[in-house]
Amino acid sequence: MAYFSFTKAILDGQPIKVFNQGDMYRDFTYIDDIVAGMVNVIPNPPARMKTQPAQKYINIGNNQPKN
């Protein structure tokens, strides 16, 4: 992760490597929000269909990337 490579470079007196010209976006989500999402999703599984296994993709993360 970037935290570790940044820290190592700083401690070693080396320049920090910046990728994509520094134009990076990240979603920041609190772990409490993810846990609450999981707690609400687990007791409500999708219905099983005759020809397919019961599955459903649910995005419980943030949808507002930050630069």
Side-chain angles (χ1 to χ4, degrees):
M1 292 182 63
Y3 304 117
F4 302 116
S5 63
F6 286 4
T7 302
K8 182 169 178 11
I10 291 167
L11 293 174
D12 292 344
Q14 300 295 319
I16 296 172
K17 291 183 182 178
V18 177
F19 299 94
N20 197 31
Q21 292 79 41
D23 190 26
M24 300 290 213
Y25 291 87
R26 295 277 190 251
D27 281 351
F28 294 98
T29 305
Y30 291 104
I31 188 67
D32 292 347
D33 294 340
I34 297 298
V35 171
M38 295 295 293
V39 166
N40 288 316
V41 168
I42 289 172
N44 301 301
R48 181 172 289 277
M49 300 173 78
K50 291 182 182 181
T51 59
Q52 297 177 340
Q55 62 185 6
K56 185 175 182 180
Y57 296 101
I58 300 172
N59 181 0
I60 59 172
N62 188 356
N63 66 349
Q64 298 175 338
K66 304 295 181 192
N67 185 347

With sequence neighbours excluded, residues passing side chain to side chain contact (heavy atoms under 4.5 Å, CB included) with V18: none
Partners meeting side chain to side chain contact (heavy atoms under 4.5 Å, CB included) with D12 (sequence neighbours left out): K8, Q14
Co-membership, hydrophobic cluster, residues Y30 and M38, 4.5 Å side-chain: no
Closest approach of P15 to A9 (non-hydrogen atoms, all atoms of both residues): O-CB, 3.7 Å
